[in-house]
Amino acid sequence: MKQIILKLWLTFHLFVYVNSEQRKKIYELNIPQPGELGTGYDDGSLTSSDHITTVHNVNRTLDNEHEEVSPVNDYGEEYQSDLEAEDSYTDMDQLDSGSFEDDVLRYFSEDADSSAREVFDFLSSINRQRSLVGRCTVYGTVCNCSNLGLTEVPDNLPVTITTLLLYNNSLATLVNNTFTRYPRLTNLVLSKNQIKKMELGCFNGLEKLLHLNLRFCNLSMSPGSFKTGVFSPLKSLRILILNKNAKDSDVVKEYPDQALADLKNLEALFIDGLKNKTFGLGFLNMTRLRNLTLAGFTQGFCKLQGLTQETFVNLAQIVSLNISDCSMQGQFMSSLTFASLPNLQVLDLSYNPQLNLIHFQEIACGFRNSNLTHLYVNAIEGRFNEGVKITSNMVKCLPKSLKSIEARTNGFYYIDVGVFETLPETIESIDVSDNRFVFGKYLENLVQLKNLRVLKLNGGTFVYNLPRNYPKDQQRDYVSRNSSEYLVLPLPPKLKHLEMNIASLNYVMSKFQINASNSLENLFLNLNYFPRLKGPVTGLSHIKKFMLRDCSIETIDAKFFNNFPTLETLDLGYNELKSYFITENRKIFKSLHMLKTLDITNNRITRFDFDIFYGLFSLKNLLLNNNELDQFNISIDNMFNLSVLNLSYNQLGRLPDRLRKQIDLRNVSIDLADNPIRCDCKNLDFLKWMAKSKAFDKSFYNYFCVYADGSIKAVTDGYEREIQVLIAECAHNYTLFLAVLGATLLVIVVVVSAVVYRYRWKIRYMYYAAYLRFSNRNSPASSKAFVYDVFISYSSEDDTFVTEEVVTELRKRNLKLHVHGRDFVAGAYIASNILTAVKESRRTLVVLTRNLLGSKWCDYELQMANMEAVDTGRPVLVFLLKDAISNREMGSDLLNHIRNNTYIQYPTNSSGQDGDAMTVFWDKLAHDLKY
């Protein structure tokens, strides 16, 4: 739709505004020659042809069902008057003179495409040339003098202008030679003035004019308003807009055929439809006229009521005729009305609710032999009828050349047997949206539409007033019958595009089968209710685009998409998947190897499983914006073709380093706009990556910084300032961090060292005890009895005394001895030998001499024996005090061990004791050691 407007805008200030809800009807004025019309199917955007697109207001009040047109019809639906309708929309002519380019850009901003960019580039370039002439604004060769209250056309404008906009002024008379100063004009907009008189010669000098807009100028459609010859200078005129002029107050109304007869190059004429009037002989001269629009409601004043065989007799040349919203009533329509239009290809009879299908089938027989290719019969039945069944009689007279038919909003509920086979075989597109079709066996006959490529069964979005009266009685002869046959939906063999948006489909999408011979590529099921996608759905082996937008989907079974091998676009936006991707750890997309675009926007998703997108080898566009993602740790390893990743409007503060590397490796374009990007030292690496990576649009439009104190600031310099500030700030913090870390480590080392020193012997004992247990865990279990009675610990300097006296005497008394050094296992650690000796001996005898006080290993043996005693709870240590050593020499630790264990003083020769005393000594020592 917008492409059509854009194509004409720069050359002509068109007569109607079309907003995002597609409120009005636009006809492209480049009407093709017969045979050039075509139908678009690839994206489903064209409803009729590549050249002519019809779109209607969604907020309508309908139905004139009295013979006399009145404000309220017999259904109680109130009409807006034509003037009220005029105020209910914004004409493109109404662009503010002070911000002309801003208004146009705002108009096209919602859906900017390549054509819109051309407009933007054009306005950007001419804005630099903007200047004021009087109160008019000049943009290059475009001059805007609209909304200034002018009473005459300015005569001081640049002579080089090609477009002159004089919308909404107070011009009352166009005098002779008004525009001779501007011979280069190709576009002239005079709409919404008070022009009551156009003098002969007023258009002198405009031989190059292509487009003239005189809409809503208060011109009377009486014979005197359009003098013969007034348009004669306009030799090149292609488009003339005269509608919204024929008010009901005009007593005498006629089509100004004699004045228009001079426009031999005119291709498109927009004019009001006059009741019971014919198009006069002057129209025979307009041999290039192709498009005639008489439409009413917001487009013009049209009160035709009826048409006769003579109405269009002088317009055999026209290709497109729009008589929608013209208050036509079926009983006043001649069946031969259109018989005089042999070249007619496009006919729009829509929004004439009193036309009725019963009368339409008679009218259709009048053009059955024509070359009609596109037919629009939307809302030709009263809105509140009880329902209409389509019969073969209604379609039997449709011309064999028909390619496209629109019949929305007619209350259809059933299609009779034979209808599909009666329809012309040339039918390629059918739109019967906003009807009341019930589920029935007639669907089995869809396969008979062998050339059908587009089928639209959408619900309705029109808004109507409530009814005040009951509709006329109608008998419905359809009775629903259940069938035991398993449902297989037979789609037409060439059908490429199927729409069932807003169709009140409230189902779990369970097992469903479609005939395998279909060619369906695009399936649109938006704005229905499918809380669960269960499946399997089979038969869609050629599907490329699957639209499930705003269907309240909550769960998707793991194998649901297994039967869509060719799917390229999947839209799951605006659903309720929320936490589904967390609770269901399933690779639901693993079979979609051909998928190129995946849209899961607006689902309030918080997180994805790491490999949720496994299998999407061909994916190019991943759209996850407008969710609630607070982290995005997913793998794109298998997405070799990924080029667009949209994560805008989420709750992401950063991206994982692994994902960043993958993004740079694949040259992915990423959008993180409107996310709470953290600007702190912890996130400095991420900010640097954003500023450096080619993945981002360096304008960083709508990007923000979220600071530690919770404040938010818009980014205007690509994060450069934030990065520089953080580098300095974080460097200081790094030095402080190292100092604190060093001090902390020092404290820890000191504390640990003190603890280790305090419990050093316990730690050693536990280590070697564990070591011995580990070394011996595969050895046969030993007896609980000790291997030795005594382990003798002594200094090597006392070896003579120990071996000649201690060992000899104790062995005489049958004690098994383990002597330090002599009985150690060769090759084993000394520490390990000592601990083994201590653990395998009932007692450890420490021969205490001054030499022992300086022995490192003797001290170690002493400590291990003490730890053994503590660990096992048995007495281990026995001290033989050979030398007389003072308490000061022994030290507190050794003295403490002696006091807490058994000790015996060795007798000396000076004591005067004889050999018997020594025998008693050795006997007592042996006894103490053994028991």
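Values reported hereafter were calculated over all heavy atoms of this structure, with side chains retained and with hydrogens, waters and symmetry mates removed.
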With a 4.5 Å cut-off on side-chain heavy atoms, are [Y] and [X] touching?
X	Y	result
Leu423	Leu452	no
Val454	Asp431	no
Pro256	Met221	yes
Leu344	Phe367	no
Leu457	Val432	yes
Ser370	Pro399	yes
Ile363	Leu307	no
Leu190	Leu212	yes

>> Is it the case that the side chains of Asn451 and Lys494 hold a donor-acceptor pair, with the cut-off being a distance below 3.5 Å and no angle test?
In response: yes

> Do Gln361 and Asn393 have side-chain N/O donor and acceptor atoms under 3.5 Å apart?
Replying inline: no

>> Working note: Leu289 + Leu269, criterion side chain to side chain contact (heavy atoms under 4.5 Å, CB included); need CA distance, chi angles, decisive distance, verdict.
In response: CA-CA 8 Å; Leu289 186 64; Leu269 174 63; 4.0 Å; yes

Shortest non-hydrogen separation from [X] to [Y] and the atoms involved:
X	Y	value
Gln299	Lys244	O-CG, 3.7 Å
Cys302	Ala295	CB-C, 3.9 Å
Ile323	Met328	O-CE, 3.5 Å
Phe283	Tyr255	CE1-CB, 4.1 Å
Ser327	Lys303	OG-CD, 4.0 Å
Pro492	Leu449	CB-O, 3.2 Å

Are the charged groups of [X] and [Y] less than 4.0 angstrom apart, N to O?
X	Y	value
Glu254	Lys277	yes
Asp416	Lys389	yes
Lys403	Glu428	no

Verify, without hydrogens or angle tests, whether [X] (side chain) and [Y] (backbone) share a donor-acceptor contact under 3.5 angstrom.
X	Y	value
Asn445	Leu443	no
Asn435	Asn410	yes
Asn352	Ser350	yes
Ser401	Leu372	yes
Asn245	Leu214	yes
Asp257	Leu281	yes
Glu381	Leu357	yes
Glu406	Asn378	no
Ser404	His374	no
Gln317	Met286	yes

>> Using a 6.0 Å cut-off, check whether atom CD1 of Ile358 has over 12 heavy atoms from anything other than its own residue.
In response: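 No - once you tally the heavy atoms of other residues, nucleotides and ligands closer than 6.0 Å, there are 12 at most.
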
>> If I take atom CG from residue Leu266 and atom CZ from residue Phe231, how far apart are they, to the nearest 0.5 angstrom?
In response: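 With rounding to 0.5 Å, CG (Leu266) is 9.5 Å from CZ (Phe231).
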
>> To the nearest 0.5 Å, what is the distance between CG on Leu402 and OG1 on Thr373?
In response: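 Result: 7.5 Å between the selected atoms.
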
> Could you go step by step and tell me if Asn291 and Thr293 meet the side chain to side chain donor-acceptor pair (under 3.5 Å) rule?
Replying inline: CA-CA 7 Å; Asn291 181 293; Thr293 297; 3.1 Å; yes

>> Run Leu242 and Leu260 through side chain to side chain contact (heavy atoms under 4.5 Å, CB included) and show every step you take.
In response: CA-CA 11 Å; Leu242 291 174; Leu260 297 173; 4.2 Å; yes

